[in-house]
Amino acid sequence: MLELEIAPRTVADRLKSGETGLILLDVREPWEVATAQIAGSKLMPMGEIPSRAFQELDPEANIITVCHSGVRSLNVAAWMRNQGFEKAQSMSGGIDSWSREIDPAVPRY
């Protein structure tokens with residue numbers, strides 16, 4: 001079984017490799033995404049996950065959840081695992097760590 005958390009560097013490497021079927025799921029609110037986002041991510045605010053996940057996401061997909069600091073995304077990844085999304089993982093440290101470690105062009109807030 002995959003670890004529940006995944007490091008930003010590992011996410012960046014997987015994205016850079018062009019891995020197919022990888023979904024970066026941004027669980028922040030629209031105003032947060034307007035401030036800073038990782039290119040190619042899909043917005044689905046945390047509060048909408050229960051009503052949208054099964055309609056819009058493949059339970060077999062490699063889904064990496066992202067939020068601001070890693071707390072919301074960890075909660076969402078754990079919930080998704082309990083719902084049968086066995087490959088769901090949370091990016092540790094959220095987009096704030098992404099800005100610090102991977103892409104300083106992504107604004108911090």
Side-chain angles (χ1 to χ4, degrees):
M1 182 174 236
L2 291 171
E3 292 290 325
L4 190 55
E5 284 193 293
I6 185 170
R9 171 57 56 203
T10 306
V11 174
D13 292 345
R14 288 175 67 181
L15 290 170
K16 190 176 179 182
S17 76
E19 181 179 329
T20 57
L22 185 64
I23 299 170
L24 210 52
L25 188 66
D26 196 324
V27 301
R28 298 174 300 145
E29 296 301 314
W31 71 266
E32 292 177 283
V33 175
T35 304
Q37 66 180 309
I38 300 170
S41 58
K42 174 180 178 65
L43 173 63
M44 191 178 293
M46 182 176 177
E48 296 177 13
I49 298 288
S51 63
R52 293 176 59 188
F54 292 101
Q55 286 75 34
E56 298 179 39
L57 300 170
D58 178 358
E60 300 298 314
N62 291 301
I63 299 169
I64 299 173
T65 57
V66 180
C67 66
H68 182 242
S69 63
V71 176
R72 285 174 285 177
S73 61
L74 187 59
N75 286 326
V76 170
W79 181 87
M80 292 181 81
R81 287 270 183 104
N82 288 331
Q83 300 300 314
F85 291 82
E86 294 178 5
K87 298 177 188 171
Q89 293 179 284
S90 171
M91 187 172 78
S92 58
I95 198 165
D96 194 57
S97 287
W98 182 272
S99 298
R100 284 185 282 114
E101 300 172 22
I102 309 300
D103 186 0
V106 173
R108 294 182 68 200
Y109 66 98

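Using modelled atom types, no side-chain atom of Glu5 and backbone atom of Leu74 make a donor-acceptor pair closer than 3.5 Å. Remark: side-chain polar atoms of Ser99 are not paired, donor with acceptor, to backbone N or O of Ala105 under 3.5 angstrom. Judged purely by atom type and a 3.5 angstrom limit, Arg28 has no side-chain atom pairing as donor or acceptor with the backbone of Val66. No side-chain donor-acceptor contact under 3.5 Å links Arg72 to the backbone of Gly94.
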CA sep, side-chain torsions, deciding dist, call: Val106, Gln37, side chain to side chain contact (heavy atoms under 4.5 Å, CB included)
CA-CA 7 Å; Val106 173; Gln37 66 180 309; over 6 Å; no
Residue pair Ile63, Lys87: steps toward the side chain to side chain contact (heavy atoms under 4.5 Å, CB included) verdict
CA-CA 6 Å; Ile63 299 169; Lys87 298 177 188 171; over 6 Å; no
Go through the steps to decide whether Ile102 and Ile38 satisfy the test side chain to side chain contact (heavy atoms under 4.5 Å, CB included), and finish with yes or no.
CA-CA 10 Å; Ile102 309 300; Ile38 300 170; over 6 Å; no
From CA spacing to verdict: side chain to side chain contact (heavy atoms under 4.5 Å, CB included), Leu25, Met80
CA-CA 12 Å; Leu25 188 66; Met80 292 181 81; 4.2 Å; yes
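Criterion: ILVMFWY side-chain heavy atoms under 4.5 Å apart, direct or through other members. Under it, Ile95 and Leu15 are part of a common hydrophobic cluster. Linking ILVMFWY residues whenever their side-chain heavy atoms come closer than 4.5 Å, directly or via other members, leaves Leu2 and Leu4 in distinct clusters. Residues Ile23 and Val27 share a hydrophobic cluster, clusters being chains of Ile/Leu/Val/Met/Phe/Trp/Tyr side chains in contact below 4.5 Å. Using a 4.5 Å cut-off between side-chain heavy atoms of Ile, Leu, Val, Met, Phe, Trp and Tyr, with links allowed through other members, Trp98 and Val33 fall into different hydrophobic clusters. If you chain together hydrophobic residues whose side chains sit under 4.5 Å apart, Met91 and Leu22 fall into the same group.
Taking NZ from Lys42 and CG from Asp26, the interatomic distance works out to 11.5 Å, rounded to the nearest 0.5 Å. Glu56 CD to Met44 CE: the interatomic distance, rounded to the nearest 0.5 Å, is 4.0 Å. Between Asn62 atom CG and Glu19 atom CD the span is 5.5 Å, to the nearest 0.5 Å. Here the straight-line distance linking atom CD of Glu29 with atom OG1 of Thr35 works out to 12.0 Å at 0.5 Å rounding. Here the NE2 atom belonging to His68 is positioned 11.5 Å from the OG atom belonging to Ser73, to the nearest 0.5 angstrom. Within the model, atoms CG of Asp13 and CD1 of Ile6 stand 9.5 Å from one another, a figure rounded to the nearest 0.5 Å.
Residues Pro30 and Pro45 share a closest heavy-atom pair of CD-CG, 4.1 Å. Residues Trp79 and Ala53 approach most closely at CZ3-CB, 4.3 Å, considering heavy atoms. Considering every non-hydrogen atom in both Ser92 and Ala7, the closest pair reads OG-CA, 3.6 Å. Annotation for Ala61 and Gly21: closest pair CB-O, 4.1 Å, computed over non-hydrogen atoms.
A donor-acceptor contact closer than 3.5 angstrom links the side chains of Ser97 and Arg100.
Using a 30° and 60° split on the angle between ring planes, Tyr109 and Trp31 fall in the perpendicular class, above 60°.
Enclosure of atom CD in Glu86 is not indicated, since only 12 or fewer non-hydrogen atoms of other residues, nucleotides or ligands lie within 6.0 angstrom.
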